[in-house]
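These notes concern the structure reproduced below.
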Amino acid sequence: VVLAIGGTESGADLHQHDASWCLCIRGSKFWVALPPERCADAALREAVGSGDSGRLAQVLLGAGPSSGVVCFVQREGEIVCLPKGWHHAVLNLDRGTVAVIHVSHPESATLSTKCVQLRASS
């Protein structure tokens with residue numbers, strides 16, 4: 001379990017790991033999440049590898065609703081659950097954003113079965 005405290009526009013670059021949850025205690029966070037199959041896209045891999053956030057944003061914004069890319073704002077008191085393998089990036093929107101984060105161990109499958117699966121809206 002990690003206690004994360006960050007200022008406005010701090011956060012985490014695109015990454016992935018085992019199933020996890022994030023409870024936002026104070027402030028709000030902007031999330032971009034991609035299902036594992038979306039990360040097989042060559043243009044996305046190239047944009048991520050370039051380290052150019054503008055280029056990555058163009059690829060993600062051009063993906064369209066059928067791509068599986070999910071963007072949303074997490075507010076105080078909300079819990080976000082991510083299944084294993086979902087790539088995601090998070091940006092804190094408020095000064096003094098506080099969250100508690102837990103990443104499950106690979107041998108623990110219970111979290112992924114209890115998490116709500118993210119789906120792109122059509």
Side-chain angles (χ1 to χ4, degrees):
V1 176
V2 174
L3 177 65
I5 302 171
T8 306
E9 297 183 10
S10 64
D13 290 332
L14 194 68
H15 65 285
Q16 61 89 23
H17 42 68
D18 289 318
S20 63
W21 56 259
C22 175
L23 166 62
C24 186
I25 297 172
R26 182 176 188 275
S28 57
K29 297 172 161 291
F30 177 76
W31 289 73
V32 175
L34 303 93
E37 62 274 9
R38 176 67 174 109
C39 293
D41 182 294
L44 178 62
R45 279 197 321 268
E46 185 180 324
V48 170
S50 73
D52 182 344
S53 58
R55 186 167 160 201
L56 178 58
Q58 286 179 337
V59 171
L60 292 174
L61 292 172
S66 64
S67 69
V69 176
V70 180
C71 300
F72 60 93
V73 174
Q74 178 187 21
R75 307 220 185 268
E76 286 183 22
E78 295 179 341
I79 299 173
V80 171
C81 293
L82 288 175
K84 178 181 179 175
W86 275 63
H87 284 70
H88 54 285
V90 184
L91 181 70
N92 293 322
L93 300 176
D94 301 301
R95 195 172 131 209
T97 298
V98 179
V100 175
I101 302 163
H102 178 268
V103 177
S104 68
H105 295 287
E107 59 273 4
S108 171
T110 55
L111 179 63
S112 60
T113 60
K114 292 180 182 177
C115 284
V116 174
Q117 296 292 316
L118 291 176
R119 299 188 199 296
S121 50
S122 320

For [X] and [Y], which heavy atoms make the closest approach, and how far apart are they?
X: Phe72; Y: Val70; result: CD2-CG1, 3.7 Å
X: Asp18; Y: Val103; result: O-CG1, 4.0 Å
X: Ile101; Y: Ala4; result: CD1-CB, 3.9 Å
X: Ala99; Y: Cys22; result: CB-SG, 3.8 Å
X: Ala33; Y: Leu82; result: CB-CD2, 4.3 Å

Between [atom1] of [X] and [atom2] of [Y], what distance do you get to the nearest 0.5 Å?
X: Ile5; Y: Arg26; atom1: CD1; atom2: CZ; answer: 10.0 Å
X: Lys29; Y: Leu91; atom1: NZ; atom2: CG; answer: 9.0 Å
X: Glu9; Y: Phe30; atom1: CD; atom2: CZ; answer: 12.5 Å

- Quick one: list whatever passes side chain to side chain donor-acceptor pair (under 3.5 Å) with Ser10, sequence neighbours left out. Asn92
- Task: Report the residues that fulfil side chain to side chain contact (heavy atoms under 4.5 Å, CB included) with Arg95, sequence neighbours left out, ordered by chain and then residue number.
- Result: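 With neighbours one apart ignored, the set is Thr8.
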- For Glu78, enumerate each residue passing the side chain to side chain contact (heavy atoms under 4.5 Å, CB included) test, keeping only those at least two apart in sequence or located in another chain. Gln74, Arg75
- Message: Quick one: does any side-chain atom of Asp94 pair with a main-chain N or O of Ser28 as donor and acceptor, under 3.5 Å?
- Response: yes
- His88 backbone acceptor or donor facing His15 side chain under 3.5 Å: yes
- With the side chain counted from C-beta on, respond yes when Trp86 and Pro36 share a heavy-atom pair under 4.5 Å apart, and no when they do not. yes
